[in-house]
2 protein chains.
Amino acid sequence: MRLTSKGRYAVSAMVDLNKQQDGPVTLAAISERQFISLSYLEQLFRCLRESGLVKSVRGPGGGYLLAKTAKDISIAEIIRAVNEPVRTTMCENGVRGCHRGNRCDTHQLWESLGQHIYRFLDAVSLEQVCAKDAVLDHIELGKIEDYLSSNKLPEGAVKIEAVS
Amino acid sequence: MRLTSKGRYAVSAMVDLNKQQDGPVTLAAISERQFISLSYLEQLFRCLRESGLVKSVRGPGGGYLLAKTAKDISIAEIIRAVNEPVRTTMCENGVRGCHRGNRCDTHQLWESLGQHIYRFLDAVSLEQVCAKDAVLDHIELGKIEDYLSSNKLPEGAVKIEAVS
DNA sequence: TTATACTTGACTAAAATGGTCGGCTTTATA
DNA sequence: TATAAAGCCGACCATTTTAGTCAAGTATAA
């Protein structure tokens, strides 16, 4: 998982989609409201659909709908959907640094940070972002404590590609 | 503050520097150990010096030294030192989205995430990263709770440049 | 005075990003 | 059943950013 503006565009689009009440929402409409080019939205929604976050209705009157309720969609899922699966870090394949047997010093730092970011984004749902007076600082703190105490490593955690 | 490999290189170099015990450390030596090109290190250390994290000794036998103790240098400082100051997000200058008076929906999300990352990196010191058996997950959790309860907004927090 | 090491600025190759374009398929409805 | 609305899909491309090189300095210990 990487943090790029592509992911941010995707989140904006999903927020917009969630706010529209009835029937399929066309990309053209999202494009106008969010100032994202239609072609780019097509790219993003293809990813979102393939990840099972939205479903499409073709033909006139068609558009996109959320495939699950907003409460069950995390921001992490959205961002992951539009980014390529992470390449393995250099720490594993030994191209530079972190090789010849000695584990690199900063490895754990980046891994820890990556998990930290992942936990944050995974703990925030689309619904929470859409809520008018969401106070994310408090929302996520509780969740994060749960994660840490449960000690499970979230699959697909954020990779801060380590270099040496 | 941005998270790029430039920052990761800088952290690796600082870790290396801190591990060398006596006297100034030459960039040539760091270059060899960390597999970072000398020219690139020069660029990085210029930033680090200008930010007051290291000091240089010129001439033969010269090199670089930490300007403060490792305990007093946070990873956030290192990364900030080698990256340009953040441009204001689009949310403020109204180029696209988030303009015409209505504050963008995702603004708070990215701001919150940015602060979250910042707090993490600010709570970890160079010394901790160098410590052999550091368990960052636990180290940072305590500190983060302090931050949240003390309610102060760290200046220069991480910006996840918001787009809409 | 010379070799070592930092200092500085200009330049550049490669990759990522954020798109565009054109043509296709599905389907409601007139 | 013709047509237009909408999604689907693959190829392509310009710009920016990143990571790095190069060349020409300056300071200083020995």
> Where do A:Ala70 and A:Ser125 come nearest, in terms of heavy atoms and distance?
Replying inline: O-CB, 3.8 Å
>> Taking only side-chain N and O atoms of A:Arg49, does any of them lie within less than 4.0 angstrom of OP1 or OP2 on D:dC9?
In response: yes
>> In whole Å, I'd like the distance from the CD atom of B:Gln43 to the C1' atom of C:dA10.
In response: 11 Å
>> Using modelled atom types and a 3.5 Å cut-off, is there a donor and acceptor pairing between side-chain atoms of B:Ser31 and backbone atoms of B:Ile36?
In response: yes
>> Tell me whether the side-chain N/O atoms of B:Tyr64 come closer than 4.0 Å to OP1 or OP2 in C:dT7.
In response: yes
> Relative to the 5' end of DNA chain C, which residue comes earlier, A:Arg58 or A:Ser39, by the nucleotide with the nearest heavy atom?
Replying inline: A:Ser39
>> Just the rounded figure in Å: distance from C1' of D:dC22 to CG of B:Leu38.
In response: 12 Å
> Contact class for B:Val54 vs. all strands (heavy atom < 4.0 Å): base, sugar-phosphate, or nothing?
Replying inline: nothing
>> What is the separation between atom CG on A:Leu41 and atom C1' on C:dT20, rounded to the nearest whole Å?
In response: 14 Å
> Rounded to the nearest 0.5 Å, how far apart are OG of B:Ser51 and CD1 of B:Ile73?
Replying inline: 11.0 Å
> Quick one: is D:dG20 close enough that its OP1 or OP2 comes under 4.0 Å of any side-chain N or O from B:Tyr9?
Replying inline: yes
>> Need to verify one output field. Residue with the more 5' nearest nucleotide on DNA chain D, B:Gly59 or A:Pro60?
In response: A:Pro60
> For D:dG7, does OP1 or OP2 lie under 4.0 Å from any side-chain N or O of A:Thr26?
Replying inline: no
> Where is the tightest heavy-atom contact between A:Val54 and A:Tyr64, given as atom of each residue plus distance?
Replying inline: CG2-CD2, 3.7 Å
> Rounding to a whole Å, what distance do you find between B:Glu32:CD and C:dA5:C1'?
Replying inline: 15 Å
>> For B:Gly62 versus B:Thr26, what's the shortest heavy-atom pair and its separation?
In response: O-CG2, 3.5 Å
>> Quick check on C:dT7: is either OP1 or OP2 less than 4.0 Å from any side-chain nitrogen or oxygen of B:Ser56?
In response: yes
> Between atom CD in B:Glu42 and atom P in C:dA10, what is the gap in whole Å?
Replying inline: 16 Å
> What's the CZ-P distance between A:Arg8 and C:dT17, to the nearest Å?
Replying inline: 10 Å
> OP1 or OP2 of C:dG9 less than 4.0 angstrom from a side-chain nitrogen or oxygen of B:Arg46, does that happen here?
Replying inline: yes
>> Without decimals, in angstroms, what is the distance between A:Leu65 CG and D:dG7 P?
In response: 11 Å
>> If I take atom CG in residue B:Leu44 and atom C1' in nucleotide C:dT8, what distance separates them, rounded to the nearest angstrom?
In response: 15 Å
